[in-house]
J.: 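First, the structure itself, so that you have it in front of you.
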Amino acid sequence: MPPSLHTFLSTDLPALLAATFAAVSCALLGNFLVLRRQSLMGDAISHAVLPGLVAAFLIAGTRSAWPMFVGAALAGVVTVVLVELVRRLGRVEPGAAMGVVFSIMFALGVVLLERAAARHVDLDADCVLYGQLELIFWFPPNTWSDLLTLDTLSQFPRQPTTLAVVTLLTIALVTLLFKELRLAAFDPDLATSLGFSATALHFILMLFVAGAVVASFEAVGSILVVAMLICPAATARLLTDRLLPQVLVSVLAALISALGGYALAATAPTWLGTPKALSAAGMITTVSGVLLTAAIFFSPTHGVLAKRLRHVRLAITIAREDLLATLYRLEEANQPPPAAAQSSVLSPQSFALRLALRNHEIEQTPSGALRLTETGRDAARRLIRTHRLWETYLVEAANLRPDHVHDTAETLEHLTTPPIHAELTRHPPPPTDPQGKPIP
Amino acid sequence: MTVAYHRRPVLWDIDYDAPDRSLIAIVGPNGAGKSTFIKACLGLVPKASGTVEIYGRPYREQRRLVGYVPQRESVDWDFPVSALDVVAMGRYAKIGWFRPVSRAHKAAALDALAQVGMADFAHRQINQLSGGQQQRVFLARALAQEAKIYFMDEPFAGVDAATEAAIVAILRRLRDEGRTVICVHHDLQTVPDYFDHVLLLNTRVVAAGPVSGPNSVFTRDNLQKTYGGRLTLLEEAAQAMAKAGTSL
């Protein structure tokens with residue numbers, strides 16, 4: 001076996017597997033937390049397991065993995081139950097209940113930690129916060145033939161194995177209970193009335209969140225766990241509008257974060273010229289944050305840029321329609337066509353003018369004056385008609401005063417969809433609008 | 001039955017027998033416990049005392065015969081589901097745990113959407129629908145449940161005239177098919193047009209019976225009792241019980 005592969009198998013593979021499984025299981029569950037607006041639950045559980053860890057250590061007297069895992073898992077379940085109890089008995093909103101429970105649990109953990117420290121043992125709080133991804137390694141055999149023997153496989157580190165089991169169970173949960181979890185998140189009352197107890201489903205989900213958080217945070221730290229639960233799901237939420245695609249996209253985002261983050265952490269020091277290795281958990285969190293930020297800006301439906309673009313488009317459309325309508329009114333009043341006014345090159349008006357010229361809706365006479373073409377006149381006539389239909393409607397149906405309706409109609413004429421137009425003309429309109437101008 | 005929130009009674013000693021095959025309006029002022037009445041019937045809020053029977057047997061055994069249309073504002077309309085997904089939820093009890101929505105159930109959901117005139121909107125995300133269309137989706141979901149008795153919480157709230165007419169037509173059809181619909185209703189003017197029976201509710205049953213005819217309970221006197229004269233003594237007693245921590 002070549003030495004580079006041996007290095008990969010011993011240091012990179014276990015850590016990569018741990019990061020990937022943690023990311024995927026958290027992302028799957030995160031979808032339902034985000035939709036139930038309970039994203040904070042992961043944060044609560046990952047902090048609240050501290051007393052469980054310390055208590056397990058104090059009772060078992062060893063830092064070996066299984067007692068710690070059991071202690072953390074128990075503390076996670078206790079947190080879930082306590083949050084629900086505080087919410088019901090204290091009559092407070094879920095966020096407040098989570099905040100109260102996890103800060104008190106964490107404080108309890110700190111006190112217990114000090115007691116443990118008094119016995120001259122150290123439990124590293126940093127490991128709890130940032131994880132120990134780099135410390136997961138394996139001693140694979142030097143030859144291929146020994147790779148798949150029971151003995152070498154049993155030496156494989158526990159964290160990736162645990163996380164693989166958690167991930168498989170999570171996939172099974174989301175697959176089997178997809179429709180139930182969706183129903184309970186969307187309409188808990190209906191779920192209960194149909195016989196799918198919303199409370200039971202909530203506890204099942206939270207049990208899995210607790211399991212995933214406990215299994216993950218040992219490897220990747222409690223801060224990263226929170227990001228893993230929220231970021232991929234929130235990213236996917238911005239890019240999709242159905243739950244199944246959302247879940248799949250969140251898994252994709254989780255994979256990109258885990259693999260990309262780990263690769264960056266390994267390679268970035270060489271680019272940056274720093275000898276110090278970057279924290280893999282930190283880079284994974286960063287990548288998931290970058291993905292979420294990108295989705296916030298660039299999502300084609302919900303993104304900031306897409307919304308801005310729609311605004312600009314609408315502004316240009318309105319400016320173009322206003323231009324056509326103005327020219328039409330001047331023609332109607334037998335006034336001479338105006339010259340193109342100078343406006344800033346980037347203003348909607350200037351874009352609108354160029355657009356209208358390009359569409360051959362208006363043309364420029366040799367003297368520089370603007371004039372409607374036949375196409376432009378038809379478009380303008382339709383607009384003026386809509387405008388005057390609105391004025392008529394506002395006066396006759398909404399009882400507004402005739403001299404108050406122009407501005408309202410000016411706005412509405414740009415926003416009139418065909419169904420609204422059909423509704424406007426349901427009754428045959430009078431020949432003129434309230435100001436006595438003909439409705440074309 | 002009696003229902004209390006945090007030991008404070010909001011519905012006192014409700015004794016009501018809903019007539020079969022009829023459209024029933026629950027009418028009363030804000031805070032009279034109308035929604036609570038429905039939720040208590042469906043086991044969504046705990047009862048301090050009393051029982052609910054559907055066709056002579058406990059509600060738990062008859063769940064499948066009961067349909068529910070919650071208030072439109074009770075759910076998040078930004079939720080990533082299509083109109084068809086929401087209507088298919090009405091079939092979940094028939095589908096059962098763990099199984100996905102089969103093609104036959106999807107077809108049934110689509111049929112329910114068509115009945116409310118929303119077939120063209122099946123694949124829209126629900127936040128792209130108007131208020132009236134959302135209410136129709138909820139109604140279609142109830143139709144997809146194929147229940148015998150329906151509880152609806154303000155199905156006419158905030159809908160346009162066309163939707164209101166469509167809902168009324170569907171309610172009548174349900175009754176003519178032998179079903180019973182119990183609606184929380186706010187518009188007193190339309191009660192006689194839309195409903196056969198009325199339950200006048202204000203923390204307790206003020207009156208219940210036919211809307212019109214010789215035995216009509218929908219009278220000025222009863223409405224006065226429902227909306228006017230606040231039951232100060234009962235309210236004070238309720239406060240006292242909440243303070244003392246006793247329940248009924």
Side-chain angles (χ1 to χ4, degrees), chain A residues 31-32 34-38 88-92 172-201 204 233-234 236-250 299 301-302 397 417 419-420 422-423 426, chain B residues 5-6 35 38-39 41-46 59-64 66-72 74-82 84-86 88-102 105 123-128 130 138 141-142 144-145 147 150-151 153 160 162:
Chain A
N31 282 294
F32 297 97
V34 167
L35 285 176
R36 289 162 158 259
R37 300 170 198 268
Q38 287 178 334
R88 293 201 177 173
L89 298 179
R91 303 176 205 174
V92 291
L173 170 90
V174 173
T175 314
L176 280 175
L177 287 180
F178 184 78
K179 81 173 192 306
E180 288 82 359
L181 288 170
R182 181 172 66 181
L183 172 63
F186 176 64
D187 194 343
D189 278 355
L190 182 81
T192 305
S193 86
L194 289 176
F196 303 94
S197 163
T199 315
L201 284 162
I204 293 173
R237 180 80 193 79
L238 288 165
L239 296 175
T240 56
D241 59 0
R242 291 291 183 285
L243 189 53
L244 185 59
Q246 180 187 318
V247 169
L248 297 177
V249 170
S250 76
S299 159
T301 44
H302 300 81
T417 55
I420 297 180
E423 190 67 22
R426 200 155 54 131
Chain B
Y5 270 133
H6 302 298
S35 293
I38 285 187
K39 288 187 173 179
C41 289
L42 295 164
L44 298 174
V45 298
Y59 166 72
R60 275 180 167 283
E61 294 172 23
Q62 305 281 62
R63 228 190 257 288
R64 275 163 171 254
V66 181
Y68 177 40
V69 178
Q71 282 185 29
R72 186 158 53 84
S74 70
V75 303
D76 170 15
W77 289 95
D78 277 333
F79 204 88
V81 285
S82 68
L84 185 62
D85 290 335
V86 172
M89 289 174 184
R91 310 289 298 178
Y92 282 11
K94 290 183 169 45
I95 298 168
W97 285 87
F98 307 119
R99 279 195 291 267
V101 183
S102 70
H105 287 293
H123 298 287
R124 290 270 186 99
Q125 197 205 340
I126 51 173
N127 71 358
Q128 295 168 5
S130 71
F138 260 14
R141 186 174 73 176
Q145 271 185 270
Y150 285 104
F151 291 90
D153 204 342
D160 52 285

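Below, chains carry the letters A, B, ... as their sequence lines are ordered, and counting in each starts from 1. Quick caveat, the model's predicted, so the values are computed rather than measured.
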J.: Go through the atoms of B/R141 and report whether side chain, backbone, both or neither lie under 4.5 Å from a heavy atom of chain A.
T.: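 Just its side chain gets close to chain A.
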J.: Which one wins on heavy-atom pair count under 4.5 Å against chain B: A/L183, A/D189, A/T240, A/T175?
T.: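 Ranked by heavy-atom pairs under 4.5 Å with chain B, first place is A/D189.
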J.: Indicate yes or no for a side-chain donor-acceptor contact from B/Y150 to the backbone of B/A142 under 3.5 Å, with no hydrogens or angles considered.
T.: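 Yes, because the side chain of B/Y150 sits within donor-acceptor range (under 3.5 Å) of the backbone of B/A142.
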J.: Less than 3.5 Å apart, any donor N or O on the side chain of B/D85 or B/S82 sitting next to an acceptor on the other?
T.: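 Distance-only check passes for B/D85 and B/S82.
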J.: Non-hydrogen atoms of chain B under 4.5 Å away: do they reach the side chain of A/F196, the backbone, both or neither?
T.: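 Interface part for A/F196: both.
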J.: Look only at the side chain of B/Q125 and the backbone of B/D78, and say whether a donor-acceptor pair between them is shorter than 3.5 Å.
T.: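 Checked: pair present.
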J.: Count the heavy-atom pairs under 4.5 Å between each of B/V75, B/V66, B/V69 and chain A, then report the option with the highest count.
T.: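 With the most close heavy-atom pairs to chain A, the winner is B/V75.
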J.: What part of A/R182 gets closer than 4.5 Å to chain B, counting heavy atoms only: side chain, backbone, both or neither?
T.: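 It is both, since atoms from each part get that close.
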J.: Could you tell me if the side chain of A/P188 sits less than 4.5 Å from the side chain of A/L201, heavy atoms only?
T.: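 With C-beta onward as the side chain, the pair stays apart.
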J.: From B/R99 CZ over to A/E180 CD, what is the distance, rounded to the nearest 0.5 angstrom?
T.: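 Going from the CZ atom of B/R99 to the CD atom of A/E180 covers 10.0 Å.
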J.: B/Y59 versus chain A, heavy atoms under 4.5 Å apart: side chain, backbone, both or neither?
T.: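 For B/Y59, the side chain is the part near chain A, not the backbone.
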J.: So what's closer than 4.5 Å to chain B heavy atoms on A/A198: side chain, backbone, both or neither?
T.: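 A/A198 has no heavy atom closer than 4.5 Å to chain B.
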J.: Heavy-atom distances under 4.5 Å only: say whether B/N127 touches chain A with side chain, backbone, both or neither.
T.: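 No part of it gets close to chain A.
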J.: With a 4.5 angstrom heavy-atom cut-off, which part of B/V86 approaches chain A: side chain, backbone, both or neither?
T.: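 The side chain, not the backbone.
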J.: Could you tell me which portion of A/L173 (side chain, backbone, both or neither) has an atom closer than 4.5 angstrom to a non-hydrogen atom of chain B?
T.: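 It is neither, since no heavy atom gets under 4.5 Å.
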J.: At a heavy-atom distance under 4.5 Å, which candidate from B/D76, B/L42, B/L44 has the highest pair count against chain A?
T.: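 The option with the most such pairs is B/L44.
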J.: Do you know which of A/L190, A/T192, A/L243 has the most heavy-atom pairs with chain B at a distance under 4.5 angstrom?
T.: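 Winner by heavy-atom pair count: A/L190.
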J.: Give, for atom CE of B/M89 and atom CG of A/L194, the distance between the pair rounded to the nearest 0.5 Å.
T.: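 Answer rounded to 0.5 Å: 10.0 Å.
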J.: Where on B/R91 is there a heavy atom nearer than 4.5 Å to chain A: the side chain, the backbone, both, or neither?
T.: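 No part of it gets close to chain A.
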J.: Is the shortest heavy-atom distance from the side chain of B/F138 to the side chain of B/Q71 under 4.5 Å?
T.: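 Side chain of B/F138 against side chain of B/Q71, heavy atoms only: no contact under 4.5 Å found.
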J.: Determine the interplanar angle of the B/W77 and A/F186 rings, folded into 0 to 90°, and report it as parallel if under 30°, tilted if 30 to 60°, perpendicular if over 60°.
T.: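 Rings of B/W77 and A/F186: perpendicular, as their planes differ by over 60°.
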J.: Please round to the nearest 0.5 Å and tell me the distance separating atom OH of B/Y92 and atom CD of B/Q145.
T.: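 Those atoms lie 12.0 Å apart.
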